[in-house]
*Asks:* 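Handing you this structure, nothing more for now.
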Amino acid sequence: MRRAAVIAVVVSACAGAGLGPLTASASASASASASASAVYGDGDTAGEAVLPAPVRYLPRRETVLEAGATGFLHQQEGSTGTLWTDYATGDTRGVTPAAASGHSGLRAVLGEAAADGSRPVRITSPATGAITTVTLPAGHVWTGAYTADSITAYQLVDGSVSAMSVLRTVDGATEARPVTGVPQGVKGARVHNRQQDGGGAVLALEGPDRASSLYLLDHESGHLTVLPKPFVVGAPIVLGERHLLTHPYENATVTSLDRRHPEAAPVTLTMPEPASPERTFARFAVVGDWILFSRLVEPYAQRYTPGGRLEAIPVGGGEPRELLRHSQEHFAIAPDGSVLVTGGSGAKDWAVRRVTAAPGGEPVVSTVREVPPVAARIDALALGGGKLSYVADADGAALTALYDHDLAVTGTPAIGERTLRFRMTHAAPLALHALGTGRTAYAASGGAVHVPIDDTSLETIDVPAGSTILDTTGRYAVINGSDGKQYVGDLEKHRDGNVLFARPVTAATVWGTTLWTPGRTMGSVSWYDLKSRKRSADLALGSGCVPNQLQAVGRWLHWSCGTGKAGVWDQKTRKNTPVPAVPPGDSRLGDGFLVHKDGGSLRLTDFHTGSGTATTSPFAEVPVDARWAVDEFGGHVAYTDAEQRVHIKPVSVPRTPVGLVESEPETWIRINAGADQDHTWDAAWQLSRPPVRWSVAIKDRAGRTVRTVASPVASTERTGARISASWDGKGDDGRVVLGGTYTWTLSADAGEGSRVVQGGKIAVSGGATPFRDYDGDGVAELFSKRMTVLTAHEGLSAASDSGSSSAQSGGWTETGHVLPFGDMDGDRCNDMVVRTTAGELHRYSGRCHGIPATTAPKAKIGAGFNAFNALLTPGDLTGDGRADLLARQRSTGALYLYADNGAGGLKGGVKLAGSFGGLTLIGAGDLNGDGRGDLLARDAGGELWRYDGTGTGTLKARALVFKDWGAGRNAFVGAGDIDGDGKNDLVSRDAAGKLLRNSGDGKGSFRGTVHIGTGWQRYSALY
């Protein structure tokens, strides 16, 4: 395909002040399958791109009838009769074949009998028009076999063949050469299914019992050789230069016979399975020692594809090889043994091809004659979100097709390669409506509104036949029914309640989820939100009339009262700007501008300032019957010219910054869901402009970015102005994130710099369990023990003695120490480690929704731990993502690390450097945000120290946190994040039973002391 050069002029779009798409109630918060390898340009205007006239989807029909030595006989759509084309020169002329069929570029016909009973057989060469006449003597019967200068015939005596000869005319007389190998008692002979070439023919000989057998006639030797089974009368036979083929009609197998040694045993080959939508039934030919085959296409798909693949497979078996993506099923065998077939990759790559055997024997394809594509008329046009769509002829008959082209988001609106979106077997729609999602809606002639998804499927809204689309945006459509009702439909519901409601027919428009209609009072409008189902009060426009046309784009609402009054109301400035009044359908609203058609001219009105004044100027000259469209989401205008070229002309009016039209983000993700459940967070956004790039930043409670989901480079995978993102619950490091609440922020760049568009929250369940979180809400619990009952506390404040209890668990007898631990058994639920009064360590499996019960699965993971007077977990010290145990020896004050072994237990103890005797040790979790567990220690003088974990199983040198801190307090707990800000906190209790909290600052220290409870002296222990 010839590709036009990219034009060099770039049109810059200036950022205009304003808002994204607004409604009256939302204005305060509004301050959102093809390759693009070819680019078209060369417009007549700076910054304009021009798409050449489209070609029909299905190629021009070209049927090769015969292949001769110097040219081929064919028929081509658009030409009458039969054509002869010379290989060397490409010269083509019309010919009148002397017979309906022939071979090797020859035609032969039997003439009328002369007075002596003889009859002429005239052999015509379409290449030269020369005619060679061979006389068939009286009493002879022509078998139908012939060469350029001979025929094969036989004599009948008493109803049986007495002799068979090859006849030639030499110097005006008929010369006969006997054919050998003719069996006795033959009643007749004929060419079988027209299988002959310059080297010979397959003849069916009728025996004495009237049964026929097949024989191979060799023209050069004049000898007949009987063909073995399954080469039988009635079976398809294919004659090649080296081999003969036969096959059953279902084509499950193909049998070949060496033509050079017809007495040899035939070889049967099992054919490979066809690919959808191809059928088993195929046409065959032979080139060298390779079998060519082109399968027929299933009837339902025959109008949707140029033909089946052309493949080749060795006669002895092997892997098939694709030669052409599509081909016509008819083969023509040339005298040199090559095969002519029409095919290619599509309408722009369609030609008569020759398949020959390379020196190594493999088949190779060359082009004999290009078949020009057929130009198609554009019947409907749409432009939206950087996607150009149009409907044009697809097959020259009743089939039309919807095509798409992507446009460059910034600069010159360069046009990408064409994609076939959908094929239509009904009349072309009169109008297309761009949704801004990369898809296009149209009203089918037989009823229903369709939105093609790909070339075989579509979304549908069922409405009465003859209905028309009034307006669309994203998923919603307003349809004027032929029954006098106006329908509002949801295209994403697909037949299941997709008509949201019906209303009287009035002017109406939809932008995002907002439906605008005339108000109850003269000169007003009102809006209705299709998701929230909220309705506004009447909004006075000051028009003094009831609009018969409404259009909404972002902050702009265009209204028109026939040809008398028209204006644009700015939702931001609350001002009305008069614009030219034209009949409904003759104007299109864009972002800050209006285009209307005036005869053979498009005129543009610029009102982007919202100040109440506008300017109108000529924009483009067009044919009176031109198709044209305005991109509501992009700022370009498309129109057709007299040659059916499509012009994409930029609009220099400054655009509103990219904003949100509609959003569909999920609010939660369950990471450890079952196999039949969703494991991802998914979100989609309809933006007001197609982005160049975009990103979604996902942050934890502490404000740290855990994952960034970004668009591909240059956003080549966008679908119009709609984008979508998916998150699997893992951080940028590949690990599953902690459970809890996360925030997301969508930023988009429409070519003018990145801009925040929307944000929200995601509740993550089933993730890695946060430090000391036992109910899966992302917030840690403080544990208390009273007699044999453990209680988990949340929501602690001075107004509550004990906060809310997320869970309680009784029966904890023979329990010396309780240690809220991390997930040791790999089920993403925090476990509990308990030291018994006998000094054994037991692990109780967590359940993610409360404290483990004493009846929970448990495992003994250690013994002799009464030798330690401090047991605690600082979180992950070794860098493997699992919590570890620290134990201080009672006798020496030495501190030992027992690392998680990854199998539900602990590794052997490793002594850490330093002396930790006389200190109050506190397992604090990660305090400085480096992902490693940290240790707090309070000395006898009241100084609080922090030992940062290294991630390698050791501790860094201590750093002072507070001086003279904690006097009068008798319990200290590194309680995790109990205030829900994403940072680990410190809880303590004084002698009077007051519970105190020092919130972590995420940098290794804490904020001031806060009173969060009273009466906590009643608990024997805090954990």
Side-chain angles (χ1 to χ4, degrees), residues 20-23 26 30 32 382-387 389 402 404 421-422 431-444 448-454 457-463 467-481 486-503 508-517 527-534 550-554 631-634 658-667 682-691 718-726 746 748 757-758 760:
L22 303 178
T23 65
L383 187 65
K387 181 82 73 173
S389 304
L402 174 65
D404 285 344
R421 179 59 57 192
F422 196 72
L432 294 176
H433 295 262
L435 304 179
T437 62
R439 296 177 181 173
T440 306
Y442 65 92
V449 168
H450 295 319
V451 176
I453 299 172
D454 51 40
S457 59
L458 45 76
E459 301 285 0
T460 298
I461 296 178
D462 290 320
V463 290
S467 300
T468 59
I469 298 175
L470 185 61
D471 195 19
T472 58
T473 301
R475 65 189 294 174
Y476 298 109
V478 182
I479 305 151
N480 283 346
Q486 189 173 83
Y487 297 93
V488 178
D490 184 343
L491 292 161
E492 292 191 4
K493 288 194 173 182
H494 188 59
R495 298 185 183 273
D496 182 16
N498 51 27
V499 174
L500 301 181
F501 56 84
R503 58 183 307 276
T509 185
V510 63
W511 180 259
T513 65
T514 305
L515 174 70
W516 292 90
T517 57
W527 56 261
Y528 176 79
D529 191 277
L530 298 172
K531 279 191 172 180
S532 68
R533 300 185 180 181
K534 293 181 179 179
L550 291 171
Q551 298 181 75
V553 172
D631 188 349
E632 299 175 346
F633 300 86
V658 62
L660 187 68
V661 177
E662 184 190 4
S663 64
E664 300 174 80
E666 293 181 343
T667 58
D682 297 300
W685 299 271
Q686 175 70 57
L687 303 182
S688 62
R689 294 170 59 184
R718 65 179 171 83
T719 52
R722 180 183 173 90
I723 58 177
S724 58
S726 184
L746 169 67
V757 175
Q758 193 187 29

*Asks:* Can a donor-acceptor pair be found, under 3.5 Å and without considering hydrogens, that links the side chain of R439 to the backbone of A434?
*Replies:* no

*Asks:* In Å and rounded to the nearest 0.5 Å, what is the CG to NZ distance from L500 to K531?
*Replies:* 11.5 Å

*Asks:* Find out whether V488 and V510 are in side-chain contact, i.e. whether some heavy atom of one side chain is under 4.5 Å from a heavy atom of the other.
*Replies:* no

*Asks:* Is there a side-chain contact (heavy atoms from CB on, under 4.5 Å) between Q486 and L470? Walk through the geometry before answering.
*Replies:* CA-CA 9 Å; Q486 189 173 83; L470 185 61; 3.6 Å; yes

*Asks:* Before you tell me yes or no, could you show the steps for E459 and I453 under side-chain contact (heavy atoms from CB on, under 4.5 Å), namely the whole-Å CA-CA distance, both residues' side-chain angles and the distance that decides it to 0.1 Å?
*Replies:* CA-CA 7 Å; E459 301 285 0; I453 299 172; 3.5 Å; yes

*Asks:* Heavy atoms only: give me the nearest A748-V757 pair and the separation to one decimal.
*Replies:* CB-CG2, 3.9 Å

*Asks:* Just by distance, do the side chain of T509 and the backbone of A552 share a donor-acceptor pair under 3.5 Å?
*Replies:* yes

*Asks:* Could you go through the side-chain contact (heavy atoms from CB on, under 4.5 Å) check for I461 and Y487 one step at a time?
*Replies:* CA-CA 10 Å; I461 296 178; Y487 297 93; over 6 Å; no

*Asks:* Give me the atom names and distance for the closest heavy-atom approach of F422 to P452.
*Replies:* CB-CB, 3.5 Å

*Asks:* What orientation do Y528 and F501 show, parallel under 30°, tilted 30 to 60°, or perpendicular over 60°?
*Replies:* perpendicular

*Asks:* If only atom types and distance count, is the side chain of N498 paired as donor or acceptor with the main-chain N or O of T460 below 3.5 Å?
*Replies:* yes

*Asks:* Is there a side-chain contact between L435 and L491 (heavy atoms, below 4.5 Å)?
*Replies:* yes

*Asks:* Where do S389 and L402 come nearest, in terms of heavy atoms and distance?
*Replies:* CB-CD1, 4.1 Å

*Asks:* With rounding to the nearest 0.5 Å, note down the distance linking CG in L458 to NE2 in H450.
*Replies:* 5.5 Å

*Asks:* Rounded to the nearest 0.5 Å, what's the gap from CZ on R503 to CG on L515? Could you check?
*Replies:* 6.0 Å

*Asks:* Can you tell me if T468 and N480 form a side-chain donor-acceptor pair at under 3.5 Å?
*Replies:* no

*Asks:* Quick one: pull up CZ in R421 and CG in D454 and give me the separation to the nearest 0.5 Å.
*Replies:* 7.5 Å

*Asks:* Where is the tightest heavy-atom contact between D631 and G384, given as atom of each residue plus distance?
*Replies:* OD1-CA, 3.1 Å

*Asks:* Hey, does Y476 have a side-chain heavy atom less than 4.5 Å from the side chain of E662?
*Replies:* yes

*Asks:* If we ignore hydrogens and angles and just use 3.5 Å, is the side chain of Q686 paired with the main-chain N or O of G436 as donor and acceptor?
*Replies:* yes

*Asks:* Would you say L746 and W685 make side-chain contact, with heavy atoms under 4.5 Å?
*Replies:* yes

*Asks:* Determine whether F633 and K387 satisfy the following criterion, side-chain contact (heavy atoms from CB on, under 4.5 Å), listing intermediate values before the conclusion.
*Replies:* CA-CA 10 Å; F633 300 86; K387 181 82 73 173; over 6 Å; no

*Asks:* Compare all side-chain heavy atoms of D682 with those of S724 and state whether any distance is below 4.5 angstrom.
*Replies:* no

*Asks:* Any salt bridge linking D490 with R475? Criterion: basic side-chain nitrogen under 4.0 Å from a carboxylate oxygen.
*Replies:* yes

*Asks:* Check whether any side-chain heavy atom of Q551 lies under 4.5 Å from a side-chain heavy atom of D471, and answer yes or no.
*Replies:* no

*Asks:* Nearest heavy-atom pair of A448 and D462: which atoms, and what distance?
*Replies:* CB-OD1, 4.1 Å

*Asks:* Checking side chain to side chain contact (heavy atoms under 4.5 Å, CB included) against I479, which of T472, V449, V499 comes through?
*Replies:* V449

*Asks:* Of all the heavy-atom pairs spanning P690 and G634, show the shortest one and how long it is.
*Replies:* CD-CA, 4.5 Å

*Asks:* Is it true that E664 and R722 have a side-chain N and a carboxylate O under 4.0 angstrom from each other?
*Replies:* yes

